[in-house]
Each structure stands twice: as C-alpha cells, then as structure tokens.
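As structure tokens, the structure follows; a few thoughts come after it.
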Amino acid sequence: MSGPSKRLTEGGLIDRSKSLGFTFDGKRYSGFEGDTLASALLANGEVLMARSFKYHRPRGVMSAGPEEPNALIKLRTGARQEPNTRATMIELYDGLVAESQNRKPSLRWDYQAMNQLIGRFIPAGFYYKTFMGPFANTKLWMQFEKLIRKSAGMGEASWEADPDLYTHRSAHCEVLVIGGGPAGLAAARAAAEGGGRVILVEETPHLGGRLRKDSEVIDGLSGSDWAAAMETDLAGRDNVRILKRTTAFGYYDQNMVGCCERVADHLVEPAAHQPRQRMWNIRAGRVIIAAGAVEQPLVFGDNDRPNIMLAGAVRAYVNEYGVLPGERAIVFANNDDGYRTALDLAKAGGNVKAVVDPRDEGAGELADAVRALDIPVLNGHAISRARGGATGIQAAEIVPVSGSGMQHMDCDLIAMSGGWQPTVHLSSQTGSKPVWDDSLKCFVPGAPRQKEVSAGAAAGTLSLADCLSAGRKAGAEAAGVSAPSWSAPKPESAGLKSNPTAALWEAPGTKGKRFVDHQDDVTTSDVKLAHREGFISVEHLKRYTTLGMGTDQGKTSNLNGLAIMASLTGKTIPETGTTTFRPPYTPVSIGLLGGPEVGKHFAPLRRTAMDSWHDEQGCEWIDAGLWRRPRYYPKAGEGIFEAYVRETKETRGGVGVCDVTTLGKIDIQGPDAADFLNRVYTNGWKALAVGKARYGLMCREDGIVFDDGTTSRLAEDHFVMTTTTANAVKVMAWLEYYLQFVWPDLKVQVTSVTDQWAAVAVAGPKSRALLEKVVDIDLSNDAFPFMACGDVSAAGVKGRLFRISFSGEMAFELNVPADYGRHVWEAVMKAGEELGAVAYGTEALGNMRIEKGHVAGPELDGRTTADDLNLGKMMSTKKDFIGKRLAYREDLVGDHRHKFVGLMPVDGKSKLIQGAQITENANDPLPVKMIGNVTSTGYNSETEMPIALGLVEGGLAREGDIVHMQYPLRNVTVPVKVCHPIFIDREGARHHG
Amino acid sequence: MLVINCPWCGPRDMEEFTYVGDGTLKRPEIGSEETDQKAWYEYTYIRDNPRGPHLEVWHHAAGCRQHVRVKRDTLTHEIHGCWPASGEMADTTEGETK
C-alpha cells in the first residue's frame, strides 16, 4: 500500500550516497544512512505502521523521538526478535528486518479492527466490570477471559534465549550532563573548563538535539554544523567523555544515574565479543538534566489517523531526514513554535493549506513570517475532526473555538502542537514533585532533592538563545567555574517576539474518537466515564482507564488526561496533581539489567575438592545452596531408590565414604571462646575437654531452634564449629553480630574455614579398619573413643580426625586442607577397596539420618522448639543462652505442640510423602483438624519398609497410635503408626562400637 | 544504590553490605535471671519505624566482615554517618554524606 516516494531530492542530514536495504512485513524497501525505520518508511510512502492496542485502529508515526506511542514494531527475527521497539528510535541498517504487530492477517486488513464497532461495550474498566458482573465465576467468564488474554498485549518476544552479550560498567564524574542538545552542549562545554571529569550522555546517535531538527543558525553555521563543531571541541578534551546512543533511564540515590548504551543495536548483529548493550552506572558529583521537552498532541476527533503528527516531528522528518510527510498540510497549534513547521514545510516545497490557532490573538512574529508566504492563518479556530482512514487523511473539519460554522479543508497531513512538556522524569524520579507553570502551561521540575539541576527545555526554557545561556550557566555552576571563557553564542532566532501558549485540552466538537492516550486507546469518553464513576484522583484515573500505563508511560498523554479530568472536576491542574514518574524513562531490556550474570555466571558454582572424582564416577548431582553435591552414584540399571538403598546397606553392612566438605566450618579462638559458645549454644561448653567434640543446638532469640552441629575443642582457647550446609553463611554472620555488636567485650575471633578444609566422612562397622590404614594414630576405643578428636597425619597430609556419627554407625570425619582433598579421598577409597567401601551421596546420607532419627533442615523449620524435637534436655538450666528467655512462652509449651515422632505405614509398604498432613481419622467431615505433618521420608534398609519423620500433636505420648497421612493434591490417604523416631540401634551401641 | 563509608574500608557500594537491623537495640544483659518477659519481648519483636534519621546495623559481608552502625534517613536515603559496631559515635556533619 505504499504511496509515491516522499523523499526530498536534497536537504536533510542523511547520506544519500549510502543506500540501505530493509524489509517491513516482508516487503523490500531502501533508505539511507542516517534514517530511522520511521523516516525510511515514510520516505517510501508507508504511513500505516501499526495497529492500536484495543481497537486495532490503523496507526502511523506520531513523533520522531523516544515518546512514540503508535509505531511499535517487531524488530529482527529468531532469537534476536524484539517486540514493541519504537520505529522512531530504530536506526536503519542494511539488512534490517521489521514486522508490524497486533494485527491479523495483515496490517492493512486486521479482523480485530471490528473492536471499534463494539467499542461502546469495552469501555474503560470493562475487565473489572466483567469480573464483578453476572458472568463472574461462570464458565462463560472463563472462556471470555481466555479470549481477553489472547487479544491482550502487543508484540511477542522470542522464545529462544538471547544470544547476545550485555555488560555493566561503573563510572564516576564531577559533572554528568544528560542530553546533547543545545543546553547540554553548552553545559558540558562550560563544565569542561572546571577540569573535573565531565560525562555527556545523548540518547540518539548524534549530538545536537533539536538543532538537527529545526532551522536554526548559530555563528553563521546551521544548527547541526554548530553542534558538530561543539562535539569536536568536547571530544578533544581529556576530561570529557561523550556517550552517544545512551539513554539515562533511572536516577537513583546519591546521584547515581543508570544509563543504557546501545552499542550494537544499529548493527545486523554485534561483532564477536561486542556487547549489544552496555549499562553504565554513573555516580556523579553534580547532574545537569538537559533532556529537553516532549511536544504534546492536541485532542480532537479521530486525532489518531496516520499522518497526524506532532509539529516538531514533522520538522524533524523534513530537516533531519529529508522527508516531506505531506503535500497539503494543515498546522494546528496553540503556541508559536508550531508556526515553524509551516515555514519549514513551505521551504521544502510543501503546500501549507493553513495554520489553525485556537488563540484569538494568534502568534507573534512567526505569524507574520507565515502570512508573508501567503499561508492563511485562522486565529480562534480549531480542528474538530480529521477525516481519513488506514492510508492517511483526506480532510480536516475546522470550527471556530467559540461560535458556530464548520469548514472542510482538504489535506494529507496535520501537524499538531499542544505545547512542549519538559522532560521532568529524571528529576521526578529523585522524589522531587513537578510544579505546574501556568504561564507555560506545563509542569516544570520541582526543587531538587539531589545534587541536580534541569537546564534548557527540560526546565521549561524554550527559546534556543535562552537554552544556550541556561546550559552555560548550569555547567559553570556545577563545575565551580565562576566565569567560563566560553560564552554562549547568539542564534539568529534570538529575540523573536512570541505570544504565550494557550490551553486547549480538547478541541470543540464531539464527533469521532478523541484519543488522549494513543498507545492505550484511552479516549476523552473514557476519562469522562472515570469521572462519572468517581475515579477522579489522577492515580485512580490512571489505573481505571490505563491512561499513561503503556510502554511510553504517558509521555504524550498524561498532561492532556489530567487536564481534562481537572476541567471535569472543576479543579485546577496543580490541585489535580500528577502521577509519579519511576524508572525507567524508556523501556530497558531485561538483558541489560542482568548484564553478564546469565547462565552459569548467574551464580557461582561451589565445588568441593573432590568434585572431579565424583564426576568421574558418573554421580547424579544435587544443588545444596551454591554447592553441588553427589546425590547418589548409580550403577548400571539403578534408579535413585535402588542406588541409595544399596549405598545405605553397604555402609551399614561394611563401610561407606561420603564427601561432607559442604558443612559449615567456623574456627573460633580466644580466651573467651568457651564462654561465647556457652552463650550461643543451648547446652554447656565450659566442661568440654580438649580433644573432645560435642553436639550443640542453637536457638534464635525467640526460642525457636536455629541450627545444630558438632563443635570440637582443639585447645583450651580454640574450637572448630560445624554448621549445617544450608545455614553456614547465616550462622557465621550471626556469630559476628553477637561478637561485634552485642558482646564486643568478649575476646573471641571467628573465621569461616569452610573452604579451607575438605571433609571425608567414613561410616560403618568397618570404618575403623579402613582408617587405620590411612591415619597414623591409634583408633581403638580406649585411645580414640566416640566423640574424640585430634590431629592426625592422613596419607601423608596433616589433618584432623573426629569420631562423630550422623549415620548411627561407628563413624569418623577426616578433615584435611582442601588442596589435598582429592589425594586423601583417593587414599581412603583405595584403603577401602578390600573392605568393599562404597561412596555414598546425600540421599543415603539423609536416609541414614532418618533411620537414626536425627533432626535436620526439614525439622528445623523455623517453628520448632528444642522440646518439640525431643531435645529439651539440651536447654541448660545452669546458664544463660540465646533464646532461653522466650523458649518457654505460653504458646511454645503444652500439649498442643506438634512434636517429633517417627511414622510407619500400617500396611508396611505404602509410600509416605514429605509435606503431607496428618489427621486423626481418615474421613472426617471438613474442615479437618491438622494434627501434624510429615517432615522427612526414607526407607528402613533393615526392615525394608518406608518410614518417615514428622511432627505430631502429643508427640511420643501417642506412640503406637494409628493416625492418617493425607495428601489431598493427589487424593492419597495412608494410615500410619506413630513410633519412636529412632528406627535402628536405639541404644546407640553401634556408634560407640 | 547507596554508598556506605565503612570505617574500616572506606566508601563502598551498598551491594557489599547486608542490612541487619535496628542499631539502637540494647540486648538485656546475659545472665540477668530476673529480666521480665516484657523486656525480652520488646527486644525481640518491637521495632520503631521512624520517618527520618535512623541508626541501623549493616554487615559488610562482602568486605571486611565487620558490622557497622549507619545513620540513614529512611525518607531521603541520605547517609549521615557510619561507625564501628561498638564504641563511641563521634557525630559527623549533618546532611553530608560521610
């Protein structure tokens, strides 16, 4: 459906010698270097670029910048496909592939455009109303919801992983200038004289801002040439860094500004090792926001038709891209600036049919210039409606603002200007509330909350001359330069007399859809409906109508929307207020935020010293925090169950070896070490002899059990503590907190040594026989009894040996410096060969502790007390410790507590399920009282039946009772018998061995 | 995105720190058997939620492993000072990030 070429034969800042081929919806086109996708499509006569969100209205481009609400495009294909990119911000490159979105089967013919016909049945808030209405919770609603979900949303992201690299970088500077337009250039130039580091960020590929889009002359140079000369000057300075294609999207605490540099978005694909985008975290002494302003559309009937554009955007297409968007144009502006569009269009050879200005007094000197070209100026008039369709517009209906009478005027382009709204987003993100300026009819930045200042159009300064001098002043002040040698030049446009902007929030008339928010399809009737239904605060207005909630965050709609609401409520605009702007200023890709921390770089993988050995055996792994641990070592044909049961039996029947390096290990030294342990553990430590280990229990201040483990006394003032793998980091920080903040007078040092020691558990009746071949000390019961510890030499390596048991068998734990971990492990395995030693993983480890009834993570669930776990005896009555005072509060004691028990299926074979609930009876009427839950499940390797640990009301007092395990998700009920949690060797004969 | 001026390491990004809790807390003395439950209840559960400057404990977990006391404005996120976990706190200039 492309029309004739709209490219001008000369002019613009594009390079006509460099032709670039691209496709849109599969059709081939060409543009020039310097084009955006939007300008290249326009140049090819394509005005229809998108379908709207809700009504699927045909849409063209409205702007030429980051505020674009309409022309959202699916860019690239395959894994690099990116939805909702703004055609106005996509730099054209050779080989670019773009597609329109939100349409079926084609952009020109979109069946969902019939939504326009049912528009009155889908007004603002229809979704919520349907929720509440007669169809709510019905089958019909379920179908309806599916339909809504299908039609919701815009483009589609790729389902493939993003193949590109994103990086993060930090930078510091004395002055950060955001925006490379006239004010920003002047600010950077003045600030550079201070000698401190200056960073200038510019969103587009070129410095100059509006200087590239308007016909300005400075020092005898065109605006763009002057900007280029400024760039040469700045780039030659050692203390200035210029970041182009970089958007400052977020203003964070302590003057940190997050920026996105689009390093390779303008290439077919990034070069090898080149990131697609780079995030800059810039910490600045002072920030100058010279981010410009966004021109606002006017609200009239069918104001969303393709080829109705912002007046400043029309100038951008003419002056920067050499495109004449329309042959017969009408300019509709409530301010003088719009008149420039009439002048530039006429200069480029366009026929300007009229300038329509709602102000009775019209414009100042620019109006004279327009009239001098014989262009009619209609003061006191407004466009009430545009006539046209998917391919553009044919005419406008023009009415007097007050009074009657309507005239049709043929046209193919409407350039509209509702005035310029300063880009207050970044200053607003700091918490500074924008302030309404009634003379400018816009919000200007409020008082700074951080070390920032807005300059130029971002502060409401609109004339070029004033922007240049304001930029210079801001730059000099930020850099502490009292009188910069550089003075701001005086552009030819300086001193032009103009008339103030007048408010025209909605043009007269009622016909046609009058769009306030083009991206979200919010019309004036939606705002009026919100008002009628009481959603009159701006925050309610936003959420009820979705005004300003699109990817453009209302850059071209918030002002009109809240002004219309203000007039409906009879309040002023400042009384009505404005919504808060939050980062990001424009959409930021998740890839950028994630940076290089993706895939295996997302989190470090902790490997024990014996990791490679386990891998060589082909073990199955399981994650334990950041660690990976062998879960089981399957033999041919074995599944997880067969493997861990075999490992359990071979350990209990002979000897097993397990890598327990991941347990937390904390070295505790100092004269007050025993006193400190006495405070953090519930049981006593002062009497522990050197060369002995002890099991310890820790509580939180609230009396709930926190962690457990064994701690050994290596010397009078030297202990080594072990913690669970899961709590290693937490316990370490917790000990440090008490030593540094609560009891700084204790002379104790704690150091995490988890990474420094490799740990090998050797368990089973033949464990002593095995280790006797590895270590150099006497391991007899007399010399090295249960709970002994001491220094050893193991396979030639100095280490420590502990006689502790988690499995309930006779067992030892050998610690050696991590660098020798694999060497010693192999020596142990070799010594065990003739004893039939088996390596066992975490499944067998866990199963043996369940058989032995030891508590672990699933039982220490943040709700259990020592009493609940049958460990009440470990709560010393002879000393004070953390958690003592609150452990016996009313609710933490008594018969209602769920206490630690063992559970067995009555039939001896039904599988028990971790997390299942326990009820008294099988089929009580609902609601049923939950009397407990299953915490851990395992398999008794000696009686060959499923077992479990759990917490049940009444605890061991109910031993022998039949209760019921319920798992309603799978409709499972199993009668289970409450039993003692120690399933094997209750007397502890084996580990004393 | 705060910068905390660790008294041991100098200015460091907040990502190196873990927020721990209220820095005004005083734990009842260890071994004082008579302490009533109310004092423990308040120490364990009750926290002020001030609007404005607040003394907090942060842990320089990815740094020197020291707990530090930080005076932070809960409204503006301004940091008024940072001191070691124990000992006197020399007051610093109000309003300046130290």
Side-chain angles (χ1 to χ4, degrees), chain A residues 168 170 172 250-258 281-283 285 430-432 449-451 583 672 675-676 678-680 699-704 729-730 732-746 749-752 877-890, chain B residues 1-5 7-8 11 13-15 17-45 55-62 64-69 72-73 75-79 83-87 95-98:
Chain A
H168 285 181
S170 295
H172 298 79
Y251 202 134
Y252 302 98
D253 290 320
Q254 294 181 352
N255 258 19
M256 179 148 115
V257 178
N281 292 316
I282 302 177
R283 183 87 60 182
T430 66
S432 158
R449 294 272 301 263
Q450 294 212 38
K451 289 167 186 163
D672 296 325
D675 186 19
F676 180 55
N678 242 10
R679 297 183 187 194
V680 299
C699 284
R700 311 186 304 213
E701 292 282 10
D702 63 2
I704 299 295
V729 172
K730 257 199 254 175
M732 179 66 194
W734 189 73
L735 297 179
E736 286 169 327
Y737 174 79
Y738 280 95
L739 281 175
Q740 294 164 12
F741 183 69
V742 183
W743 302 312
D745 49 319
L746 286 183
Q749 284 292 331
V750 290
T751 309
S752 167
T877 53
K878 299 195 185 88
K879 57 144 192 170
D880 197 5
F881 57 86
I882 294 170
K884 182 170 188 175
R885 304 320 170 106
L886 295 182
Y888 301 102
R889 280 173 291 159
E890 207 174 330
Chain B
M1 296 304 158
L2 303 172
V3 169
I4 295 174
N5 194 1
W8 314 105
D13 195 275
M14 67 182 275
E15 284 189 13
F17 294 81
T18 308
Y19 175 76
V20 177
D22 191 336
T24 63
L25 283 186
K26 183 108 186 70
R27 191 183 189 275
E29 285 297 315
I30 194 98
S32 54
E33 300 284 339
E34 299 79 15
T35 313
D36 69 316
Q37 289 253 314
K38 189 161 178 291
W40 284 98
Y41 163 75
E42 283 178 358
Y43 169 71
T44 308
Y45 294 108
L55 192 69
E56 301 171 334
V57 176
W58 290 67
H59 186 210
H60 199 182
C64 61
R65 301 286 308 176
Q66 288 295 308
H67 286 77
V68 293
R69 284 173 294 177
R72 183 180 68 96
D73 193 308
L75 195 64
T76 64
H77 290 185
E78 198 165 1
I79 291 183
W83 302 269
S86 63
E96 271 300 308
T97 303
K98 295 296 279 188

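Letters go in sequence order (proteins before strands), and every chain restarts at 1. These numbers come from the heavy atoms of this one structure, side chains and all, not from hydrogens, waters or symmetry mates.
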Report summary line: Under 4.5 Å to a heavy atom of chain A? For B:Thr76 that would be both
Query raised in the report: Side chains of A:Met256 and B:Leu2: does their closest heavy-atom pair fall under 4.5 Å?
Result: no
Query raised in the report: Going from CG on B:Asp13 to CZ on A:Arg283, what distance comes out if it is rounded to the nearest 0.5 angstrom?
Result: 6.0 Å
**Report entry** Crowding at OH, B:Tyr19 (>12 non-hydrogen neighbours, <6.0 Å)
**Finding:** yes
Query raised in the report: Near A:Gln749 CD, under 6.0 Å, is it more than 12 heavy atoms from other residues, nucleotides or ligands?
Result: no
Report summary line: CE (A:Met732) and CZ (B:Arg65) are apart, to the nearest 0.5 Å, by 5.0 Å
Query raised in the report: Which value, rounded to the nearest 0.5 Å, describes the distance between B:Thr44 atom OG1 and A:Asp702 atom CG?
Result: 7.0 Å
Query raised in the report: Looking at A:Asp253 and B:Arg72, does any basic side-chain N land under 4.0 Å from a carboxylate oxygen?
Result: no
Requested in this report: Below 4.5 Å from any heavy atom of chain B, which atoms of A:Ile882 appear? Answer side chain, backbone, both or neither.
Outcome: both
Query raised in the report: Taking it one step at a time, do B:His67 and A:Glu736 satisfy side chain to side chain contact (heavy atoms under 4.5 Å, CB included)?
Result: CA-CA 8 Å; B:His67 286 77; A:Glu736 286 169 327; 3.7 Å; yes
Requested in this report: Only one of A:Phe741, A:Tyr737, A:Trp734 passes side-chain contact (heavy atoms from CB on, under 4.5 Å) with B:Val20; say which it is.
Outcome: A:Tyr737
Query - Nearest-0.5 Å distance, CD of residue A:Gln740 to CZ of residue B:Arg69 - result: 11.5 Å
Query - A:Arg700 versus chain B, the contacting section by heavy-atom distance below 4.5 Å - result: neither
Query raised in the report: Once you round to the nearest 0.5 Å, how far does CZ of A:Arg449 lie from CG of B:Leu75?
Result: 6.0 Å
Requested in this report: Please flag which part of B:His77 lies under 4.5 Å from any non-hydrogen atom of chain A: side chain, backbone, both or neither.
Outcome: both
Report summary line: In terms of heavy-atom contacts, A:Phe881 and B:Arg27 come closest through O-NH2, 4.3 Å
**Report entry** CG on A:Asn255 to CE on B:Met1, rounded to 0.5 Å
**Finding:** 14.0 Å
Query raised in the report: By a 4.5 Å heavy-atom criterion (distance strictly below it), what part of A:Tyr888 contacts chain B: side chain, backbone, both, or neither?
Result: neither
Report summary line: Honestly, the part of A:Tyr252 sitting under 4.5 Å from a heavy atom of chain B is side chain
